[in-house]
2 protein chains.
Amino acid sequence: MELAEAKSKFIETWGKLGSEWGINRTMAQVHALLLISPEALTTEEVMEQLSISRGNANMTLRDLISWGLVEKQHKPGERKEYFFAEKDAWTIARQVAQERKKRELDPVLKALSELSQIKGDEKNPEYKAFKSSVSGINKLAGNVNKTLETMMKAEENWFWGSIFKIFK
Amino acid sequence: MELAEAKSKFIETWGKLGSEWGINRTMAQVHALLLISPEALTTEEVMEQLSISRGNANMTLRDLISWGLVEKQHKPGERKEYFFAEKDAWTIARQVAQERKKRELDPVLKALSELSQIKGDEKNPEYKAFKSSVSGINKLAGNVNKTLETMMKAEENWFWGSIFKIFK
DNA sequence: TTAAACTTTCAAATATTATTGAAAGTTTTT
DNA sequence: AAAAACTTTCAATAATATTTGAAAGTTTAA
C-alpha cells in the first residue's frame, strides 16, 4: 500500500468512527489529517486536501480547538494561521473523554439523580419499576463518572498498568 | 414531581443521551419506556405512549432485539407479541459494549492494524508522522479492546470492585 | 487611510437520516 | 378456504444535520 493510499484510508476510517459515535464526520477527518501531518497546516491546505469549503474548514477547526484537540500556530513573518493536532493517543483519549463528560454525561447525571429522588407509593408497581430502573442506571453512571475522572488525571502507564494488574 | 412527569423526563433524557452517542433517538426512547415499565408492552402500546407510527415501532423493537436489549414475550392464549427490556443496568452496559465493539470497534481495529504495518522510508517525515500516530492509536485501541473483553465477562461487583481498589 | 491578506459568519442549498402509513405478508381461528 | 388478527416492508415524505460560498469583518502593511 502506498503512503498516500494509507493516509486516505486512515482519514476515512477515523471519519467513520467519529460519525458512529456522534462526532461530525468532517471534524473527525480534519482531525485525522492533522494527526498524521508532520507539519502544521493552513486552512487553505485543509480545504484542498479534504475538498471542503472555506467555511466548513474554518468552523471545523474552531470546533477542534474547542475540544482541545487542535492548536493554532503562528509562523514568524507570516500572517496565516497554522493548525496542528496533539499527537499523543492517550492525551487525545483523555481530552475527548473530558469534553464528552462535561457536555453530555454531566447533564444526564444531574437529571438521573433528580429522577432517582422521586417519592411515591411503594405499593404501586409503576413506581417501583421506575424507581428501581432509574436507581440502577444512576449508580452505574456514577461509577462511570468516577472512572472517567480518574482517567482524566492518570498517566497512561499508570492507568493501563492498574487495569491490567487486576485483569491478568 | 409526578410519576408521569418523571417518566417522560426519563424517556427524554435517555433519548437525548442516545442521540449524542450515535444511537437513534427513538430507539433509545423505546428502550427507556420498556425499562421503566413493570409489564411487557405491545407494539400498539409503544406506538401510543410515544406517538410513533406502527412501522417505526416495529423496526425499532426489532433493532432493540438485535442489540440484545429487548426480548419478545408471548402470553398464553394471546396472539399479540409483548416486549420487555432487560432491567439490570450492568447487563445493559455490557450488552451495548458488546454490540458496539462488534459493529464498530472491531472493524476499526482491523483497519488500524493493517495501516500500522505499512513500510516506507524512515527518512521521510510524512511516513514517520503517519506511522507514529497510527501506531499510538492502534496501541490504545488494543487496550480499550482488551478492557471491553474483560468487562463483557465480568460480574458487576468484581469489575467495579477491582477498579476502585486500584483507584482508591 | 487604503488596500491587501486573511478569518469569520450565516442564510440558503444539499445531503443524510428517520418516520410514516398503507399495502403486502404471515399465522391462527372459524 | 376464507376471514380475522397480527406483523413486516418500503417508497414517499418529513425532519435533521451538514456544507457551501459570498459577503462582512478584522488585522496588518504600505
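Just so it is clear: chains get the letters A, B, ... in the order the sequence lines come, proteins before strands, and each one is counted from 1.
C:dT19 atom C1' lies 16 Å from atom CE of B:Met27, rounded to whole Å. For the pair B:Glu81 CD and C:dT27 C1', the interatomic distance rounds to 11 Å; values are reported in whole Å. Protein atom NZ of A:Lys80 is 15 Å distant from nucleotide atom P of D:dT28, rounded to whole Å. Across the protein-nucleic acid pair, B:Lys16 atom NZ and D:dT16 atom C1' stand 16 Å apart, rounded to whole Å. Nucleotide C:dT16 holds its C1' atom 12 Å from the CG atom of A:Asn24, rounded to whole Å.
For the pair A:Tyr82 and B:Gly77, nearest-nucleotide mapping onto DNA chain C gives the more 5' position to A:Tyr82.
Against DNA chain D, the stretch residues 42-73 of chain B makes heavy-atom approaches under 4.0 Å through B:Arg54, B:Gly55, B:Asn58, B:Met59, B:Arg62, B:Lys72.
Within 6.0 Å of atom CD in B:Glu2, 12 or fewer heavy atoms from other residues, nucleotides or ligands are found, so the atom counts as exposed in its surroundings. The local environment of CD in B:Glu78 is crowded, with over 12 non-hydrogen atoms from other residues, nucleotides or ligands closer than 6.0 Å. Atom NZ of A:Lys139 is surrounded by 12 or fewer heavy atoms from other residues, nucleotides or ligands within 6.0 Å. For A:Lys16, the NZ atom counts as loosely surrounded, since its 6.0 Å shell holds 12 or fewer non-hydrogen atoms of other residues, nucleotides or ligands.
The cationic atom of B:Arg100 (NZ for Lys, CZ for Arg) lies less than 6.0 Å from the six-membered ring centre of A:Trp21 and within 45° of the ring axis. Judged by the 6.0 Å and 45° rule, A:Lys72 forms no cation-pi pair with A:Tyr82.
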Please list, for nucleotides 25-27 of chain D, all pairs of protein and nucleotide N/O atoms separated by less than 3.5 Å.
unit_1: D:dT27; atom_1: O2; unit_2: A:Arg79; atom_2: NH2; d: 2.8

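A search for side chain to side chain donor-acceptor pair (under 3.5 Å) contacts involving A:Ser66 returns A:Arg103, not counting sequence neighbours.
Expressed to the nearest 0.5 Å, how far OG of B:Ser116 lies from NZ of B:Lys131 amounts to 7.0 Å.
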